Number of protein chains: 4
Amino acid sequence: MTNDRSAALGTQRRFAASQVRLPEHVLLEGTSGRILREALLLFAERGFYGTSIRDLGQACGIRSATLYSHFPAKENVLAELVRIGHEEHHRRLVEAASAGPADPGARLRRVVRAHVLVHAEFPMLAVVANNELHALSAELAGPALMLRADGRQLLIDILNEGIAAGAFEVPDAFLAVTAISGMGMRVANWYDPSLPYQPEEVADTYAEFALRMTGAGA
Amino acid sequence: MTNDRSAALGTQRRFAASQVRLPEHVLLEGTSGRILREALLLFAERGFYGTSIRDLGQACGIRSATLYSHFPAKENVLAELVRIGHEEHHRRLVEAASAGPADPGARLRRVVRAHVLVHAEFPMLAVVANNELHALSAELAGPALMLRADGRQLLIDILNEGIAAGAFEVPDAFLAVTAISGMGMRVANWYDPSLPYQPEEVADTYAEFALRMTGAGA
Amino acid sequence: MTNDRSAALGTQRRFAASQVRLPEHVLLEGTSGRILREALLLFAERGFYGTSIRDLGQACGIRSATLYSHFPAKENVLAELVRIGHEEHHRRLVEAASAGPADPGARLRRVVRAHVLVHAEFPMLAVVANNELHALSAELAGPALMLRADGRQLLIDILNEGIAAGAFEVPDAFLAVTAISGMGMRVANWYDPSLPYQPEEVADTYAEFALRMTGAGA
Amino acid sequence: MTNDRSAALGTQRRFAASQVRLPEHVLLEGTSGRILREALLLFAERGFYGTSIRDLGQACGIRSATLYSHFPAKENVLAELVRIGHEEHHRRLVEAASAGPADPGARLRRVVRAHVLVHAEFPMLAVVANNELHALSAELAGPALMLRADGRQLLIDILNEGIAAGAFEVPDAFLAVTAISGMGMRVANWYDPSLPYQPEEVADTYAEFALRMTGAGA
DNA sequence: GATGAATGAGGCTTCATTCAT
DNA sequence: GATGAATGAAGCCTCATTCAT
């Protein structure tokens, strides 16, 4: 670890990443896509309430009124980003849980890798999805909250399975889940492609940490 | 782990705690104290930009204009909360690092305990300090950022020390720091006194997790 | 008179009628006709300023932009309705004044009948023509104002004629005109086909009232 | 009747009066009063939707934001005017119905006089109360509608009473009420202090008209 | 300390209209 | 004829802040 790194971290406010990225399957063409991309950056940097629609319009090169040709309201731009973020996260978690050997250790490793990877690959999206959810109405936040609960349950099940199978030995399963989940979520706040780590390296290392926490480390 | 717990977690937006708490040494008498306490709740729930001074005044039972008899501006209310949060966090970290046996494992355990404990005891304060910092001007955010960097360095030093001494064996020291730091920070988002865990239990368990991550677990 | 009737009247805002009607000779085919009919309802209910072209487009099943393929501007839709309303009113008044016995009593009866009839048969049109005229530019409002003045003069002439001939005995001719004209105009606000009165009944009765007012009642 | 008069009437859009008047008991001091007075003129001239809060603020010599120190919303300014108008109208009607000789003819004369008088004395208020009610939400319009229904019932009762007592002979009581009520309401649209009629003259003459309509004329 | 009134700036959103497709 | 996207203006309202009382 160099001082440069800590210096870089020291000035961050909400996150370190500087590149706007969205999952590949997300349509980014046209004005709608432009709006989503610029909103991702602005909402991540300044928060939903800290971003005015004039800010957003200016970033997109349109008048703020034009925004309403593409989204019903400002809130719906956020809702779309939150949806994309949660769906991508959930999709990867589910895929990781099911694809590959079924033993708890291998599953845990795959799921933690996926969890971390999505936070390292899409840090802004994760920051927005995790930190700006409170700005959505209950109606618009609902789907995301359901996916979130589902993903958490997936991790809980693996932990319980591993404990039941004698593969894991943890002081407390619930706390293990919060710890594993939490450390992965925070990756979005500090990871930056300019750091000398590939997302996969972080994912692998965090997976190793998770296995060590469960007493099943290599 | 029961489904009840995960269900309760599933509805959270920014944090689970419901009780406003500030460190004991913080003066909370008079209108100024009332303002700080209500601001803590509102900023944690809705964010700085999502809270108007009218909201704040109403919560305090005063007109918004009265606020200016106690604070120069809205931003200074946040700055004060951010200061309190970071100072408490830093004070505890430094104290934990210095008090007690000097071997890396023991120090790491004490520091992680302190880190987690402050997030479990003052979840709202931590949420505000961690998530609303971006709403402060560089000038007002500066002191907090310095304390934050200092605390992180403290953890880095312990890790490096333990590695040098052969007490710790980690894939990567930087990633270990981010993981340990991150899982502790997220405690503020899910911990709630109504959960069947005392803050100390969480702190002890997370410290155990940290030691396991460093290969020095019990 | 039952309480039911007065209760029904009690909830009215601008008018009681619920059926959109326009004079038979008005072309209502095609999209232009549809626009006129829907505008009649909306302008009557909410007023010109209270109706957006989006509202109007939606009611017609078209996009608001399509409206401009049929009318130069929103104002011209109103102008057309105002024109139709005033022309129909004027045409009927003139016809009533000229067709039939020339004695003042008979003429007054016919003219009042026509005046009331048009308000009972086309209440929405009358409400729009009478209440929304102020939303038209002077240029577009001009023709309607001329027809209106002409119609009023027609009534004035009949009154003066009857007075000169000794057929009428009124305290004040001007006030008699305002009273007769006014009570007829208000018919548009309360008449509803669901009431147990045919438009002709109302017209006959009001004509009788007018004659009584002039001292020439049956 | 001169041509001048009809010419003057010919250019009117919504009403002829040019002087802003409110009942004497209405507090008109301070900014709130100023707002009410200017709103009365503007709403009468251009309608509620045709008047922007910037228009209103400018007329009052304040910024539009200041309006919100005195009224919760634009709609509440209208609601207050509507309330004042309906209460004044209702108060006078009730007073006229009860004060004086109880025979139906005398009561009818007094009530019609009151009805007309209030429309001649406060033409703008009447125009706003009668024509802009549709711009109020159901909640805010409710009280006015109740007063209106109550006033109408009062007239209905007098008519029925007179008929039962043999004092009146009308073709139809309901239509007599609509005619009497309607001709009085329209006074607000044409009466102007510059006309060579005192409000009392109009009221007396219209009362005479009403009595003639009921067959009880002098 | 506390407040009501005032303000300038700006919030989000809708307005009527245009135009290339 | 019809439309989706765009626009400049304007809609109502709330913002944080000031200041005389």
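Computed from heavy atoms alone, side chains included, the values below leave out hydrogens, waters and symmetry copies. By convention in this document, chain letters (A, B, ...) are assigned in the order of the sequence lines, proteins followed by strands, and residues within each chain are numbered from 1. Just so we're clear, the structure is a prediction, and the values are computed from it rather than from any experiment.
Listed pair D:Thr31 / E:dA6 meets the phosphate criterion, a side-chain N or O lying under 4.0 Å from OP1 or OP2. Distances shown here put a side-chain N or O of B:Thr66 below 4.0 Å from the OP1 or OP2 atom of E:dT3. Between B:Ser52 and F:dC15 there is a side-chain N or O to OP1 or OP2 distance below 4.0 Å. The side chain of D:His70 contributes no N or O atom lying less than 4.0 Å from OP1 or OP2 of E:dG4. Remark: D:Ser69 is not in phosphate contact with E:dG4, judged by side-chain N or O atoms under 4.0 Å from OP1 or OP2.
Formation of a donor-acceptor pair under 3.5 Å by the C:Glu75 side chain with backbone atoms of C:Ser137 is found in this model. The backbone N or O of D:Ala59 sits less than 3.5 Å from a side-chain atom of D:Arg34, completing a donor-acceptor pair. Side chain of B:Lys74 to backbone of B:Leu67: no donor-acceptor contact under 3.5 angstrom is found. Side-chain atoms of C:Glu132 come within 3.5 Å of backbone atoms of C:Phe48 as a donor-acceptor pair (strictly under, hydrogens ignored). Judged by distance alone, with hydrogens and angles left aside, the side-chain atoms of B:Arg14 form no donor-acceptor pair with the main-chain N or O of A:Leu133 at under 3.5 Å.
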Full working for side-chain contact (heavy atoms from CB on, under 4.5 Å) between B:Arg148 and B:His86
CA-CA 7 Å; B:Arg148 191 182 282 198; B:His86 278 84; 3.3 Å; yes
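Put simply, CD on A:Gln58 is 12 Å from P on E:dG10, counting in whole angstrom units. The interatomic distance linking A:Ile62 (CD1) with F:dG4 (P) rounds to 18 Å, in whole Å. Atom pair A:Lys74:NZ and E:dG10:P shows a separation of 15 Å (rounding to whole Å applied). Straight-line distance from the CZ atom of A:Arg34 to the P atom of F:dA5: 17 Å, rounded to whole Å. Protein atom CZ of C:Phe71 is 16 Å distant from nucleotide atom C1' of E:dA16, rounded to whole Å. Between C:Ile53 atom CD1 and F:dT3 atom C1' the separation is 13 Å, expressed in whole Å. Taking atom OH on A:Tyr49 and atom P on F:dT14, their separation rounds to 15 Å, with Å as the unit. Taking atom CD of B:Glu29 as the reference point, atom P of E:dG1 lies 13 Å away to the nearest angstrom.
The C:Tyr68 side chain lies nearest to E:dT18 when the options are E:dA2, E:dT18, F:dT7. Checking E:dT17, F:dA9, E:dT3 against the side-chain heavy atoms of A:Ala65 singles out F:dA9 as nearest.
Just one of D:Val82, D:Asn76, D:Leu78 meets the side-chain contact (heavy atoms from CB on, under 4.5 Å) condition when paired with D:Leu140; it is D:Asn76.
In this structure, B:Ser32 reaches neither bases nor backbone, as no heavy-atom distance under 4.0 Å exists between it and the strands shown. Within the 4.0 angstrom heavy-atom criterion, no nucleotide atom of any strand lies near D:Leu67.
Comparing C:Ser64 and A:Ala73 by the nucleotide of DNA chain E whose heavy atom lies nearest to each, the residue mapping closer to the 5' end is A:Ala73. Each of A:Gly61 and B:Thr51 has a nearest nucleotide on DNA chain F; the 5'-most of these lies closest to A:Gly61. Nucleotides of DNA chain F nearest to C:Arg63 and B:Glu75 differ in position, and the one nearer the 5' end is that of C:Arg63.
Side chains of D:Ile35 and D:Thr66 form no contact here, defined as non-hydrogen atoms less than 4.5 Å apart.
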Quick one: the dot-bracket string of DNA chain E, using Watson-Crick and G-U wobble pairs with both distances under 3.5 Å, [ ] for crossing pairs and | for bases paired to another strand.
.||||||||||||||||||||
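Judged by distance alone, with hydrogens and angles left aside, A:Arg54 brings a side-chain donor or acceptor within reach of the base of E:dG11, the pair sitting under 3.5 Å.
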